[in-house]
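The structure under discussion appears below in the form of structure tokens.
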Amino acid sequence: MSRKTVGVKMAKEYSPVDEVAWQRKWDEAQIFECGIREDRPKFYCLEMYPYPSGKMHMGHVRNYSIGDAVARYKRMMGFDVLYPIGFDSFGMPAENAAMDEGGHPYDITERNMASITQQIKRMGFSYDWKRQLKSHDPRYYKWNQYYFTKFYEQGLAYQEYAPVNWCEQCETVLANEQVKAGRCWRCNGPVVQKEMEQWFLNINKYAQELVDGLDTIAFPENVKSLQRDWLGRSEGAEITFEVEGKDLNIEVFTTRPDTLFGVTFVTLAPEHPMAEQLVKGTEYESAWQDLYDEVSVMAEFDRIRDMKKKKGVPSGCFALHPLTGERIPIWIGNFVIASYGTGAVMAVPGHDERDFDFAKAFDIPIRRVLVMDEGGDADAPLDSAETAHGWMVNSPLEGFDGLYGEEAMKAVTNALDLKGSGKETINWKIRPWLISRQRYWGTPIPMIHCEDCGVVAVPEHDLPVELPTDVAFGQGNPLETSEAFLNVDCPDCGKAARRETDTMDTFVDSSWYFMRFTDALNDEKCFDADVANHFMNVDFYCGGIEHAQMHLIYARFYTKALRDLGLHSIDEPFSELLCQGMVNSPAPWCDSCQLTLSVAHTGSPCPHCGSELSERSAKMSKSLGNTVSPGLMIEQYGADTVRLFILFAANPTAGMDWSDLGIASNHRVMIQMASMPDKLLGWGKSPSSMDTWMLARLKQRCAEFQQAMDVFDLRRAVEISHYDLIKDINWYTRRGGENAELGVQILKSWTHLVSVSTPHLAEEWWQQIGMDGLVSGSEFVHLPKMSDEEQSALDNETVLRSVLDSARRIKDVAERHLDGPAQSATIVVSPPWKRIMAVEALDFIEQGGSVKNFVGHLSQMEIAQGERKGEIIGYWGKKMLPQVFKWDDASRALLRGSLDEVIALTNGSAFIAQELGLESVQVVLGESAEDLTERAGGSMPLAPAIVYA
RNA sequence: GCAGGGGUGGCUGAGGUGGUCAAAGGCGCCGGGCUUAAGAUCCGGUCCCGUAUGGGUUCGUGGGUUCGUAUCCCACCCCCUGCACCA
């Protein structure tokens, strides 16, 4: 047997160029087009569809490499896989580009889509391109309008005059969720408050369902917690305070009705409508006006920061305590937010920190109505607010003192209920979704304003309301510059009327596109209910964590709202969500300024403090200049290499660092992989005992691969397909395996595993091994179950390898003892009584016995009788006990099985001798007649003693 | 402050239902083999000590539980993400 590869051909050059050819073949064969196939289970794999900026970036590549691997895997496992892509093509960048460089958003968008499409296609992702959709297509946004008119009929969509978030740079309003730290989520410009009439969708109607649904879907914990945060459900009571001497009621919301008797004042938000009413014409009016002016111009974010300083003015009026009738001063305070709850709070300074601070600042009484220990001192002074649950004390009414927590709250709420001045209620932080945008490049809101009829929805047969082209970009809403668009007859009375010029938030587009994909070519309907029901839910949804916030909640809301329109019967759109991590790359970092700098500063001192810069990994971004162009990488290494690197460099959910060394080394792996078919097919025709082992190993690897893919552990899967199997094959040939027939068999299975991450290479293989068609379109053929013979081949080899490893480890030390190179070795297999003891101990413990009690059991055993009893029992405590727990499941099975260590090792002794450079290796059973070493004491089952000589 | 997620060997990164963990894999580094040579592949090594398969010290810090803990409990420190005077 020659150790050298017999391969006649040179290792095949690994050429990325061939990739395009394979992509063309996939297209021609139409293997990625999906239709309902009743004969197999469906799998809907989806990535968040991209906004068509002109270029594909590494984030896209990572996102789609993950999704494509899943789609390909499911396809090869026999699923009917729906894996579509489209473009989120409405939105501000195109409109801004139109303003900057002239031209029309439509042309800019189409141009960008064409270029990014080409780049995406070059990666060879297995999309069903036929279903491609784009949100700026009237055939798509028609349905946005249709839903809107239906929502309007139901009252889910409505118009309201309200203070809204206005982004000066974008010249449009924003939903609350779209304001991040007082700034616009998109442009990062400042956001101010403005009173305007705007369109809203009442997402609150679904708030409870949105919370409950989180328990039924596999979203990452942080995303769930984020969504819960936002929805902000809090249970409590709404309580009515009458205003003394006026026909007015103040409604407050509280989560702590149990502190009601501790109320010493009531606070209104400065913008609360009643605030002005109460102070109008009094000495307090100007103070209120000042506070109002100060607070209302501030963006919410600045204002909240400012709230740390408690500011307030008295109103001069009093409210009446709903249970005791006590007179309670009404204050107006900066710390109350008009838009949360009722915009008014009952202030309990003894048990709320903000109220405490406020009371201290304005010298308002502080009253204890809870104690924190049962039976605690009801008169103890309060140095700070005690906000935990406690036992009620000092209640002016009978029947409350001594009640705790929930019970206390219930009691107070019940009392309020009886008097008709309060009830249990649930309050939500989430507010209706403001969907109006004063921009052009979005779906026109299909409404008409008629002087006589008011607001009228555009009738269904007039949809879509298409975007006009005769508009001027520059300032304000471009739609207002189109006379043809503006002027319309009222659908009800026929008189001249005016069209609504607001367009919809682009998050509307992305809130249902996944449903459209299921039936993307339907011209009659948004989608057929049966078809949507068949393919939904999305089984695997992959995208960036940045959308955990808005998109994922709006999409869930829309799914429920459309369900209630009778369009389908799905409750949740996404069964499983995977948020891929960021793609990072090194950038200069200043340790003293704690600042990441642009790569322009590489090699120079910190521009701020002059100190030397180190390097740190940071999210790839234009501003840091640390981006890596996917196009260049594909050109240099090929799409497969890029995919392999991206999948192997980190777990999908973890952040990954781009590394030039890393991709180069993955490229070497690809080169090596490319030579595998030649190598395996070039083997001789010499079946050997190693064939059984190799086949068993292949089965094992395939099983491991499936396990990894089934939990989307793509890193592990790639490791098996591109690293572990190569090692296995190396071992096989090293042990003398060389059977080309087996080689073909290996390749047939292996090619499938390879195709999941590096499909182009897999097609090359498929062709080389002479298979028909495309591996991407063929199903994985499951291998027969592992036979006993195969299992024992694995076992024998495991024992051999572990003995070889430990023999190698001690060789150096041994040779120091021998004062020269070792010539031979004797492998002393542990005497049978040790294995008997081990198995007995394992059984004993697995049946629930305590380790400590095993000695007693042992002393009854046959092996422990006789004159060696003391020695054997001592061996248990000192050696065997710790070892018993170190055996893994496989080793335990080995111990209990029929494996004969002497035979296994004797069969491998020539190999061991060769590997260790010894003249001979002898295997003996410890304490037997053949064993002349007297070193059996150091042996352990599965770990023989090795004696060099 | 609150919520969620983290802190592992030169780097990266698995594991984390207590014993399979001195701790996978990758990268880097070192040695060997191959080669005219380089590169690649292949083999071995890579916490410390060690006159024989062993010992010591390690998985943010400090305690605790246990025959035993990277893995469980408590406290603390640090990092990331989000929310934040939300009544």
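Residue numbering restarts at 1 for every chain, and letters A, B, ... go by the order of the sequence lines.
Here C42(B) is the nucleotide among C43(B), G13(B), C42(B) with the atom lying nearest to any side-chain atom of Ile726(A). Here the side chain of Ile810(A) is nearest to one of A52(B), A3(B), A87(B), namely A52(B). Counting only heavy atoms from C-beta on, Val336(A) has its side chain closest to A87(B) among C43(B), A87(B), G25(B). If you check A24(B), C43(B), A40(B) against the side chain of Arg668(A), the one that comes closest is A40(B). Nearest nucleotide to the Ile337(A) side chain, out of A87(B), G4(B), G25(B): A87(B). Listed nucleotides G26(B), C42(B), G82(B) differ in distance to Phe648(A); the shortest reach to its side chain belongs to G26(B). Ranking A87(B), C83(B), G26(B) by closeness to the Asp229(A) side chain, first place goes to C83(B). Of the candidates G25(B), C42(B), A87(B), the closest approach to any side-chain atom of Asn730(A) belongs to C42(B). Checked against U41(B), C86(B), A52(B), the side chain of Tyr948(A) finds its nearest nucleotide in A52(B).
Per the geometry, CD belonging to Glu235(A) stands 15 Å off C1' belonging to A87(B), to the nearest Å. In this entry the distance linking CZ of Arg808(A) with P of G44(B) reads 5 Å, nearest Å. Distance His351(A) NE2 to A87(B) P: 17 Å, rounded to the nearest Å. For the pair Met676(A) CE and A40(B) P, the interatomic distance rounds to 16 Å; values are reported in whole Å. To the nearest angstrom, P of U41(B) lies 12 Å from CG of Asn666(A). Rounded to whole angstrom, the span from the CE atom of Met409(A) across to the C1' atom of A87(B) amounts to 13 Å. Between the CZ atom of Phe854(A) and the C1' atom of G68(B) there is a distance of 18 Å, rounded to whole Å. For the pair Trp230(A) CH2 and C83(B) C1', the interatomic distance rounds to 10 Å; values are reported in whole Å.
The shortest distance between the side-chain N/O atoms of Arg256(A) and the OP1/OP2 oxygens of C86(B) is not below 4.0 Å. Contact annotation: Tyr723(A) side-chain N/O to G25(B) OP1/OP2 distance is not under 4.0 Å. Within the 4.0 Å cut-off from OP1 or OP2 of C42(B), at least one side-chain nitrogen or oxygen of Gln672(A) is found. Contact annotation: Lys429(A) side-chain N/O to G82(B) OP1/OP2 distance is not under 4.0 Å.
A donor-acceptor contact closer than 3.5 angstrom links the side chains of Thr240(A) and Glu251(A).
Across all strands, Arg715(A) comes closer than 4.0 Å to base atoms (heavy-atom distances). Here Val947(A) lies in heavy-atom contact (under 4.0 Å) with a base. At the heavy-atom level, Ile946(A) lies under 4.0 Å from base atoms of the strands shown. Across all strands, Ser806(A) comes closer than 4.0 Å to no nucleic acid atom at all (heavy-atom distances). When heavy atoms are screened at a 4.0 angstrom cut-off, Pro220(A) is found touching no nucleic acid atom at all.
A distance-only check finds no donor-acceptor pair linking the side chain of His351(A) to the backbone of His389(A) [under 3.5 Å].
Using atom P as the reference point in both U8(B) and A70(B), the two lie 16 Å apart (nearest Å). Separation of the C1' atoms belonging to G54(B) and G5(B) is 41 Å when rounded to the nearest angstrom. If you take atom P in C73(B) and the same atom in G82(B), they sit 28 Å apart, rounded to whole Å. To the nearest whole angstrom, the two P atoms, one in U57(B) and one in G6(B), are 30 Å apart. Taking atom C1' in both U71(B) and G18(B), the straight-line distance is 6 Å, to the nearest Å. Nucleotides G32(B) and G39(B), compared at atom P, are 13 Å apart to the nearest Å. Distance noted for atom P between C42(B) and G25(B): 14 Å (whole Å). The separation of G15(B) from C59(B), taken at their C1' atoms, amounts to 11 Å, rounded to a whole angstrom.
Taking the six-membered ring for Trp and thresholds of 30 and 60 degrees, His551(A) and His547(A) have ring planes more than 60 degrees apart, a perpendicular arrangement.
Pair assignment for G44(B): C30(B), on the basis of Watson-Crick or G-U wobble contacts that are both within less than 3.5 Å. Checking G4(B) for Watson-Crick or G-U wobble geometry (two distances, each under 3.5 Å) identifies C80(B) as its partner. Searching all strands for a Watson-Crick or G-U wobble partner of G18(B) with both distances below 3.5 Å returns nothing. C72(B): Watson-Crick or G-U partner is G64(B), with both key distances under 3.5 Å.
Rounding to the nearest 0.5 Å gives a distance of 14.0 Å between OG of Ser757(A) and CZ of Phe645(A).
Salt bridge Asp229(A)/Lys224(A): absent, no basic N to carboxylate O contact under 4.0 Å.
Using a 4.5 Å heavy-atom threshold, the side chains of Val947(A) and Val828(A) count as touching. Contact annotation: the side chain of Trp428(A) approaches that of Val211(A) to within less than 4.5 Å [non-hydrogen atoms, C-beta and beyond].
Here the closest non-hydrogen pair linking Arg716(A) and Glu704(A) is NH2-OE1, 3.4 Å.
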